[in-house]
Q: 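Before I ask anything, let me first share the structure, which is written out below as structure tokens.
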Amino acid sequence: MSAVGELASIVSNRKKGGAKEKHPDNKPAIVFMLPWLIGLLGITLIPMIASFVLAFTDYSLLAPPEFVGLANIKEMIADTRLHNSLVVTFIYVFVGTPLQLIAALLLAVILNQGMKGLSFYRSVFYLPSLLGGSVAIAILWRQMFGANGLINQIGGMLGFENLPGWVSNPDTALGTIILLHVWTFGSPMIIFLAGLRQIPEMYYEAASVDGATKFAQFFRITIPLLTPIIFFNVVLQVINAFQSFTQAFVVSGGTGGPSDSTMFFTLYLYQKGFTQFDMGYASAMAWLLLIIVAIFTAINFFVSKFWVFYDD
């Protein structure tokens, strides 16, 4: 066969191979994605559509839903308990989340100093994030901060008298739940630690040569280079904080007390839907929560361009 014939044969084979590559068999990929697609439809999209429809109805679970238009929205505008639940939730989110991230960052900086047994300490500090949202820890927290709990017993040993029941006092009940939220710093701490390990050591060496103190290095090198990680943690933890439910439910016994001081928005939504069986109103509340979370997430992304620094 001549050289021209061999070249024509190679080109023809390549064209055939290219034609096959343009039409790959996607059936195996679809089969592997099928469980996720079923979950997306059955657990997320269809329930969201159903809740949106129910938000405009009066539905008690015991009778067919009855269309009421904007009645649920008007009721939310006049609902003082809902307004209080929003205030309590905002305090929880905007006090607890910064404190949690500060604690996580400080511990990540300490663990990043090359200490021995890093894997052990990292696992120990991560445990609160795994356990903090559980019912068992919430029950333990309620017992610790009760009138005869461990905290008051330690305070009595130190000479303090007439200490209150922290979870039964309207002035301190929310603070105990915020403290529990701060205690679950493990997850953002691990993310911060991963980000700290990506910062080149040469920056710190150059700063040391120039006479920069550790304090100056932290605010001039560590924080600016870590802002993408800080931004990621802020968005993630704010969303999670808005959805907090278990801690308030268990600590308050499902009442949001004392005096609605721990009445989170999600807890009030639960009471409306599964205690008072007002599913239409609860669905409207769920969409309000979605809108609130979406607004604050959008604000975070908009503001990030003024303080988050990337390599480019």
Side-chain angles (χ1 to χ4, degrees), residues 81-82 84-108 110-111 120-190 233 236-272 274-275:
R81 290 196 76 195
L82 183 143
N84 175 75
S85 70
L86 284 174
V87 172
V88 171
T89 303
F90 286 152
I91 294 174
Y92 175 78
V93 172
F94 296 115
V95 174
T97 300
L99 291 177
Q100 182 198 54
L101 294 180
I102 290 171
L105 179 57
L106 292 178
L107 279 169
I110 293 172
L111 292 178
F120 170 76
Y121 288 112
R122 187 167 51 193
S123 301
V124 169
F125 286 130
Y126 185 67
L127 279 177
S129 286
L130 297 177
L131 303 176
S134 66
V135 174
I137 293 298
I139 293 175
L140 176 63
W141 211 259
R142 184 176 63 186
Q143 295 298 117
M144 286 177 56
F145 287 90
N148 299 316
L150 179 63
I151 301 301
N152 282 358
Q153 292 179 15
I154 294 175
M157 294 171 59
L158 296 176
F160 295 97
E161 298 180 355
N162 300 322
L163 293 173
W166 302 95
V167 295
S168 58
N169 188 331
D171 297 328
T172 57
L174 180 59
T176 61
I177 301 180
I178 290 175
L179 187 61
L180 174 57
H181 180 66
V182 174
W183 182 65
T184 60
F185 56 78
S187 178
M189 184 205 69
I190 294 297
N233 269 332
L236 200 63
Q237 297 308 316
V238 166
I239 294 174
N240 289 337
F242 269 114
Q243 300 177 79
S244 294
F245 168 78
T246 304
Q247 300 91 329
F249 180 83
V250 175
V251 171
S252 69
T255 64
S259 302
D260 284 351
S261 60
T262 60
M263 181 62 77
F264 284 11
F265 188 86
T266 51
L267 179 55
Y268 188 49
L269 189 155
Y270 170 85
Q271 289 184 355
K272 278 291 186 180
F274 297 97
T275 302

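Both backbone and side-chain heavy atoms feed into the values below; hydrogens, waters and symmetry mates do not. We count residues from 1, following the sequence as given.
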Q: Enumerate the residue pairs fulfilling side-chain hydrogen bond (donor to acceptor under 3.5 Å, both in side chains) with a member in residues 84-108, sequence neighbours excluded, ordered by first and then second residue.
A: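 Listed once each, the pairs are Y92-H181, Y92-S244, Q100-T184.
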Q: Can you list everything that forms a side-chain contact (heavy atoms from CB on, under 4.5 Å) with P98? Sequence neighbours excluded, please.
A: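 Scan of P98 (side-chain contact (heavy atoms from CB on, under 4.5 Å), adjacent residues dropped) gives none.
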Q: Please report the shortest heavy-atom distance between P170 and S259, naming the atom on each side.
A: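 Looks like CG-OG, 4.0 Å.
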Q: Are the side chain of Q271 and the backbone N or O of L267 linked by a donor-acceptor pair below 3.5 Å?
A: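 Pair absent, no side-chain N/O of Q271 close to backbone of L267.
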Q: What's the shortest heavy-atom distance between Q237 and P188, and which atoms?
A: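 For Q237 versus P188, the nearest heavy atoms are NE2-CD, 3.9 Å.
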Q: For T172, enumerate each residue passing the side-chain contact (heavy atoms from CB on, under 4.5 Å) test, keeping only those at least two apart in sequence or located in another chain.
A: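 Applying side-chain contact (heavy atoms from CB on, under 4.5 Å) to T172 gives W166, N169.
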Q: What's the spacing between N240 CG and L236 CG if we round to 0.5 Å?
A: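 With rounding to 0.5 Å, CG (N240) is 5.0 Å from CG (L236).
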Q: Keeping the roles fixed (side chain from T262, backbone from G257), state whether a donor-acceptor pair exists under 3.5 Å.
A: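 Between the backbone of G257 and the side chain of T262 there is a qualifying donor-acceptor contact (under 3.5 Å).
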Q: Counting heavy atoms not belonging to F274, are there more than 12 under 6.0 Å from its CZ?
A: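 It does not: F274 CZ has 12 such atoms or fewer within range.
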Q: D260: which residues meet the side-chain hydrogen bond (donor to acceptor under 3.5 Å, both in side chains) condition with it, sequence neighbours left out?
A: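 In terms of side-chain hydrogen bond (donor to acceptor under 3.5 Å, both in side chains), with neighbours along the sequence ignored, D260 is linked to R81.
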Q: Supply the atom-to-atom distance L105 CG to I110 CD1, rounded to the nearest 0.5 angstrom.
A: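 One gets 10.0 Å once the value is rounded to the nearest 0.5 Å.
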Q: Kindly compute the distance separating OH (Y270) from CZ (F245), expressed to the nearest 0.5 Å.
A: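 So the OH of Y270 and the CZ of F245 are separated by 6.0 Å.
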Q: Working to the nearest 0.5 Å, report the span between CG of L106 and CZ of F185.
A: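 It comes to 10.5 Å.
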Q: Please list, one pair per line, the donor and acceptor atoms closer than 3.5 Å that link side chains of residues 136-149 to other protein atoms, with sequence neighbours excluded.
A:
residue	atom	partner	partner atom	Å
W141	NE1	T176	O	2.9
R142	NH1	V250	O	2.9

Q: Does the side chain of L82 come within less than 4.5 Å of F265's, by heavy atoms?
A: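 Yes - at least one pair of side-chain heavy atoms lies under 4.5 Å apart.
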Q: To the nearest 0.5 Å, how far apart are CZ in F264 and CZ in F242?
A: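 It is 11.5 Å, given to the nearest 0.5 Å.
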Q: For I190, enumerate each residue passing the side-chain contact (heavy atoms from CB on, under 4.5 Å) test, keeping only those at least two apart in sequence or located in another chain.
A: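 In terms of side-chain contact (heavy atoms from CB on, under 4.5 Å), with neighbours along the sequence ignored, I190 is linked to R122, Y126.
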Q: Can you tell me how far apart OG (S261) and CD1 (I177) are? Round to the nearest 0.5 Å.
A: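 Atom-to-atom, S261:OG and I177:CD1 are 7.5 Å apart.
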Q: Specify the closest pair of heavy atoms between G96 and I178, including all atoms of both residues, with the distance to one decimal.
A: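 The pair with the smallest heavy-atom distance is CA-CG2, 3.7 Å.
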